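Let me begin by presenting the structure, written as structure tokens, before commenting on it.
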Amino acid sequence: MKKTLLLTAFALACAAFTAHAADDVATLLKAADRYRTGADNLQVETQVTVFNRDGSTDKERRYTVFTQAEHKSLVLMRSPAEAGQKVLMLGDDFWLLLPGSQRPMRITPSQKLLGDASTGDIATMSWSEDYTGSLVGEEQCDGRPCLHLSLQAARKGLSYQRIELWIGKARREPLRAELYVQSDKLAKLASFEFDKPAAPTLVTTMVLADKLSSHKETRVRYLSRQAKQVPETWLNPMFLARNPALE
């Protein structure tokens with residue numbers, strides 16, 4: 001009887017510890033997300049530049065990204081080569097809308113917008129909503145203490161099914177990440193640059209290094225952020241197809 005009670009108490013303690021650890025990871029991810037977003041409903045002016053292996057510029061594009069609550073995002077393509085194109089994300093569903101077409105085209109979050117920046121990289125900015133995970137432990141990142149988190153996708157529709165993420169121990173800012181696709185192959189390495197390196201408040205640039213094919217570098221710069229809640233009609237693919245000009 002005593003042994004049974006001890007085993008039951010141990011099991012309850014382990015369950016409580018596991019739940020507490022999961023809560024801690026969720027808190028860490030929310031803190032890291034604040035450096036990337038800052039609010040639930042945002043308009044983010046974004047510039048994506050692809051660099052060749054020799055450091056020369058390959059391509060550059062501009063996007064207006066509306067990230068909204070409940071896994072909703074709308075991307076407006078601003079460069080002349082893509083003028084009028086839009087990408088809409090509603091949860092795990094992505095649509096590409098082309099000028100002159102009244103039929104939204106279903107796409108996947110892993111399809112490329114430019115270089116190694118996928119639609120998922122541009123349209124989604126929340127680890128805390130999209131991933132669960134565990135704290136691997138404390139490590140050293142460029143001579144300073146950081147926390148290593150191992151994340152698993154909470155939904156199948158995400159670009160990356162696993163992320164190994166390192167954040168600063170003191171301020172919880174994202175430092176670098178390994179991004180793995182569904183086959184568990186390492187697809188990209190991500191690193192982050194900040195507005196104030198000594199006392200960061202916002203990520204200004206996400207740098208993506210391709211590890212599968214091109215081995216080029218793609219820099220996603222967040223030029224500006226402002227609070228913006230878009231009309232609900234903008235989040236309807238058929239409305240977007242019938243109304244090419246939103247502004």
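Everything numeric here is computed off the predicted structure, so don't read it as measured data.
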Give the C-alpha distance, both sets of side-chain angles, the deciding distance and a yes or no for side chain to side chain donor-acceptor pair (under 3.5 Å) between Thr49 and Glu60.
CA-CA 4 Å; Thr49 309; Glu60 187 170 276; 2.9 Å; yes

Under the side-chain hydrogen bond (donor to acceptor under 3.5 Å, both in side chains) rule, collect the residues that match up with Gln68, sequence neighbours excluded.
none

If you measure only the distance, is there a donor-acceptor pair under 3.5 Å linking the side chains of His71 and Asp130?
yes

Heavy-atom pair with the smallest gap, counting every atom of Ala187 and Val181
CB-CG1, 3.6 Å

Not counting sequence neighbours, which residues clear side-chain contact (heavy atoms from CB on, under 4.5 Å) with Ser134? List them please.
Ser150

Taking CD in Gln102 as the centre, count heavy atoms belonging to other residues, nucleotides or ligands within less than 6.0 Å. Is the count above 12?
no

Got a salt bridge between Arg36 and Asp33, using NZ or NE/NH1/NH2 to carboxylate O under 4.0 Å?
yes

Contact summary for Pro200 and Tyr35, nearest pair of heavy atoms:
O-CE2, 3.3 Å

How long is the gap from CG on Leu158 to CG on Asp92, to the nearest 0.5 Å?
6.0 Å

side-chain contact (heavy atoms from CB on, under 4.5 Å) filter on Gln85, not counting sequence neighbours, yields Met77, Glu82, Leu96, Leu98, Pro99

Among residues at least two apart in sequence or on other chains, which ones pass side-chain contact (heavy atoms from CB on, under 4.5 Å) with Asn236?
Met238, Phe239

Exam field: side chain Arg225 to backbone Glu45, donor-acceptor pair closer than 3.5 Å:
no

Please check if any side-chain donor atom of Asp195 sits under 3.5 Å from a side-chain acceptor atom of Thr204, or the reverse.
no

Can you name the nearest heavy-atom pair linking Ala241 to Leu97, along with the distance?
N-CD2, 3.5 Å

Flag yes if Leu240 and Leu90 sit in one hydrophobic cluster, no otherwise; membership is Ile, Leu, Val, Met, Phe, Trp, Tyr, and two members link when side-chain heavy atoms are under 4.5 Å apart.
yes

Could you go step by step and tell me if Asp121 and Val48 meet the side chain to side chain contact (heavy atoms under 4.5 Å, CB included) rule?
CA-CA 11 Å; Asp121 291 323; Val48 179; over 6 Å; no

Output yes when Lys216 and Asp210 qualify as a salt bridge under the 4.0 Å nitrogen-oxygen rule, no when they do not.
no

Worked check of side chain to side chain contact (heavy atoms under 4.5 Å, CB included) between Leu179 and Lys211
CA-CA 10 Å; Leu179 310 175; Lys211 304 302 291 183; over 6 Å; no

Any sub-3.5 Å donor-acceptor pair from Asp54's side-chain atoms to Ser56's backbone N or O?
yes

Nearest non-hydrogen partners of Ala117 and Ile122, listed with the distance:
CB-CD1, 4.2 Å

When every non-hydrogen atom of Pro237 is compared with those of Leu235, the smallest separation belongs to CD-O, 4.0 Å

Could you give the distance from CG (Leu28) to OG (Ser128), rounded to the nearest 0.5 Å?
11.0 Å

Once salt bridge (Lys or Arg N to Asp or Glu O under 4.0 Å) is applied, do any residues pair with Asp142, and if so which ones, sequence neighbours excluded?
none

Nearest 0.5 Å, please: how far is CG in Leu151 from CD in Glu178?
11.5 Å

Does anything in residues 122-166 form a disulfide (SG to SG under 2.5 Å)? List the pairs, not counting sequence neighbours.
Cys141-Cys146

CD of Glu138: more than 12 outside heavy atoms within 6.0 angstrom?
yes

Interatomic distance, NZ@Lys72 vs CG@Asn41, rounded to 0.5 Å, equals 10.0 Å

Nearest heavy-atom neighbours spanning Phe194 and Pro174
CZ-O, 3.0 Å

Nearest-0.5 Å distance, CZ of residue Arg162 to CD of residue Gln152
6.5 Å

Contacts of Arg171 that satisfy salt bridge (Lys or Arg N to Asp or Glu O under 4.0 Å) - sequence neighbours left out
Glu173

With sequence neighbours left out, write down each residue that passes salt bridge (Lys or Arg N to Asp or Glu O under 4.0 Å) with Asp93, or none if nothing qualifies.
Arg106

Compare all side-chain heavy atoms of Leu212 with those of Lys185 and state whether any distance is below 4.5 angstrom.
yes

Going hydrophobic residue to hydrophobic residue with side-chain gaps under 4.5 angstrom, can you get from Leu223 over to Val203?
no

Side chains of Arg62 and Thr46, heavy atoms from C-beta outward: is any pair under 4.5 Å?
no

Could you tell me whether the side chain of Leu42 reaches within less than 4.5 Å of the side chain of Val65, counting heavy atoms only?
no

Does the side chain of Tyr160 come under 3.5 Å of the side chain of Lys188 through a donor N or O and an acceptor N or O?
yes

Give a yes or no on whether Tyr180 and Val25 share a hydrophobic cluster (residues Ile, Leu, Val, Met, Phe, Trp, Tyr; joining criterion: side-chain heavy atoms under 4.5 Å apart).
no

Which of Val136, Ile167, Ile163 passes side-chain contact (heavy atoms from CB on, under 4.5 Å) with Leu149? Answer is Ile167

Would you check if Phe66 and Ser73 make a side-chain contact, meaning some heavy-atom pair closer than 4.5 Å?
no

Sequence neighbours excluded, which residues qualify as side-chain contact (heavy atoms from CB on, under 4.5 Å) partners of Arg219?
Phe51, Glu193, Thr205, Val207, Glu217

Pairs satisfying ring-ring contact (aromatic ring centres under 6.0 Å, His included), at least one member in residues 118-159, at least two apart
Trp127-Phe192, His148-Trp166

My understanding is that only residues two or more places apart in sequence, or in another chain, count here; which of them pass salt bridge (Lys or Arg N to Asp or Glu O under 4.0 Å) with Arg221?
none

Between the CG atom in Leu74 and the OG1 atom in Thr64, the distance rounded to the nearest 0.5 Å is 9.5 Å

Any residue meeting side-chain hydrogen bond (donor to acceptor under 3.5 Å, both in side chains) with Tyr222, in chain and number order, not counting sequence neighbours:
none

